[in-house]
Each structure stands twice: as structure tokens, then as C-alpha cells.
Amino acid sequence: MILSDRDILKQIRLKNIKITPCPEKIEGSSVDLTLSNQFKRLKSQMIDIKDKNTFEYEEITANELIFAPGEFILASTVENIDLSSKISAFVAGRSSFARLGLSVENAGFFDAGFSGTATLEMCNTSNRPIKIYAGVKICQIIFFEMKSRPKVPYNKKKTAKYNYQILPGGSKIYEEN
């Protein structure tokens, strides 16, 4: 079940959802998250999913960034999200950006127990450059209450590759091979 604004506020009070810093805006069924000034751009000419050494990223700190047409960049949210073992969530891009051709989130599911900032996979699908700014409301997070708790929450799994990330996190698919 997707949580409404009332349910989100209740879960925040119960400390099942923690968002730091506290969000400015809780919508009817989501919370807006803001873009940080931390980005990563892939430098590798070719990526071998089994070879960690081919995963080269350029780290960028900028208050504004221009996305070239077709460009793919990792970004992160300002807000840190902490979910209890009874709450899961997903991040979705805002339609205002999608209408410009900026895809903001491609794989934004958070298992119950996740803690960290959201890494956003962003791609300019338009044929024009798009300039974005740190601090804009870039995406929204939607919360679900689990019908039952998982056997092992994400923060307790030995295989949790992205827990406690605080910057845009590059792919760790090589750890699976």
C-alpha cells in the first residue's frame, strides 16, 4: 500500500521513515527530494561488467551542470533516507523534467532497511543541452508499508552493496560475478 501524506507524517513521527534534512514539501503521496551538487560521469570507453577496473568515473562538484544530448550522469539527493524494516520506497523522476527530455531515475527501488542518499541515474534523452542546478526539487520518493517484515532487512544483509552511500554511487555489478 502506498502511503499518503498523513501516513508518511505518522511514519516519520514513529521513526520508521527518517529524512535528513527534513523535507520542505510532502505531497499527497510522495516527498520531493532535492539535487545535491555531487555528480559522477563515466570515463570508461568500454565497461566490462566483470572487471571493476573498467568502471572509471569522473567526480564532479558543481552548483550547475549542463547535460549534453544523450549524456548519462549519476547524481545524488541532498536528503539522506533511513527506512525501518517495515517500510520500502521508490524514487521517481518528476514529470516537469521528463517533459524536457531529462530522465531522472531508472532504478530507484529501496528495500526495507535502506539508509543513505538516493543515487539518481540521469540521462538527457532530448536533442538539446539541458542545464540543471543543485538544490532543485529533482525527484519524489514514494513509500510503502510492508505487509510483513523481510527475513533480513537491507541494512543487515552482507550483500547490501549500496547501503550507507552518501554520494552518487557507481555500479557495483562486478561484485555479483
Does one hydrophobic cluster hold both [X] and [Y], with members joined at side-chain heavy-atom distances below 4.5 Å?
X	Y	answer
I26	I81	yes
L33	Y133	yes
L65	I130	yes

Contact summary for [X] and [Y], nearest pair of heavy atoms:
X	Y	result
A75	F39	CB-CD2, 3.7 Å
M146	S85	CG-O, 4.3 Å
V104	G93	CB-CA, 3.9 Å
C139	A92	CB-O, 3.2 Å
A134	A62	CB-O, 4.1 Å

query: With F97, which residues qualify under ring pair (Phe, Tyr, Trp, His ring centres under 6.0 Å), at least two apart?
result: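 Listed in chain order: nothing, the list is empty.
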message: Using the ring pair (Phe, Tyr, Trp, His ring centres under 6.0 Å) criterion, which residues pair with F110? Sequence neighbours excluded.
response: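 Ring pair (Phe, Tyr, Trp, His ring centres under 6.0 Å) check on F110 returns F114.
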task: Using the test side chain to side chain contact (heavy atoms under 4.5 Å, CB included), find all partners of A98 that sit at least two apart in sequence or belong to another chain.
output: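 Listed in chain order: nothing, the list is empty.
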T34 side chain to E79 side chain, donor-acceptor N/O pair below 3.5 angstrom: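 Side-chain D/A pair, T34 to E79: present.
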query: Is a side-chain donor-acceptor pair under 3.5 Å present for N80 with T117?
result: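 Their side chains do not contain a donor-acceptor pair, so the 3.5 Å distance test is not met.
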Under 3.5 Å donor-acceptor, S30 side chain and E27 backbone: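 Not a single qualifying donor-acceptor pair exists.
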query: For L35, does its backbone N or O pair with a side-chain atom of T77 as donor and acceptor, under 3.5 Å?
result: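 No; judged by distance alone, with no hydrogens or angles, the pair does not exist.
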message: Run F67 and L102 through side-chain contact (heavy atoms from CB on, under 4.5 Å) and show every step you take.
response: CA-CA 9 Å; F67 278 75; L102 187 62; 4.2 Å; yes
Partner residues of [X] under the side-chain hydrogen bond (donor to acceptor under 3.5 Å, both in side chains) criterion, sequence neighbours left out:
X	value
S126	N124
S88	none
T61	Q38
S76	S36

- request: Taking the side chain as every heavy atom from C-beta outward, state whether V91 and L120 have any pair of such atoms under 4.5 Å apart.
  value: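 When only atoms from C-beta onward are counted, L120 and V91 do touch, with a gap below 4.5 Å.
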message: Does any part of the side chain of I138, heavy atoms only, come nearer than 4.5 Å to the side chain of M122, both counted from C-beta?
response: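 They are in side-chain contact.
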Partners meeting salt bridge (charged side-chain N to carboxylate O under 4.0 Å, His left out) with K147 (sequence neighbours left out):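 Not a single residue meets the salt bridge (charged side-chain N to carboxylate O under 4.0 Å, His left out) criterion with K147.
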query: With sequence neighbours left out, what residues match R41 under salt bridge (charged side-chain N to carboxylate O under 4.0 Å, His left out)?
result: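 With neighbours one apart ignored, the set is E58, E71.
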- prompt: Would F90 and F143 count as a ring pair (Phe, Tyr, Trp, His ring centres under 6.0 Å) if you check the C-alpha gap in whole Å, the side-chain angles of each, and the deciding distance to 0.1 Å?
  reply: CA-CA 7 Å; F90 73 89; F143 299 97; 9.6 Å; no
- prompt: Which residue pairs satisfy the salt bridge (Lys or Arg N to Asp or Glu O under 4.0 Å) criterion with at least one member in residues 122-132, sequence neighbours excluded?
  reply: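 Found E64-K131.
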- request: Not counting sequence neighbours, list each pair that qualifies as a salt bridge (Lys or Arg N to Asp or Glu O under 4.0 Å) and has a residue in residues 83-95.
  value: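 As it turns out, the salt bridge (Lys or Arg N to Asp or Glu O under 4.0 Å) pairs with a partner in residues 83-95, which skip direct neighbours, are K86-E145.
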Gap separating the [atom1] atom of [X] from the [atom2] atom of [Y], nearest 0.5 angstrom:
X	Y	atom1	atom2	answer
I132	L100	CD1	CG	11.0 Å
I19	I141	CD1	CD1	6.5 Å
Y57	L74	OH	CG	5.5 Å

Would you mind writing out the side-chain donor-acceptor pairs for residues 1-15 within the sub-3.5 Å range, not counting sequence neighbours?
| residue | atom | partner | partner atom | Å |
| --- | --- | --- | --- | --- |
| S4 | OG | R6 | N | 3.4 |
| S4 | OG | D7 | N | 3.3 |
| S4 | OG | D7 | OD2 | 3.2 |
| D7 | OD2 | S4 | N | 3.3 |
| Q11 | OE1 | N16 | ND2 | 2.7 |

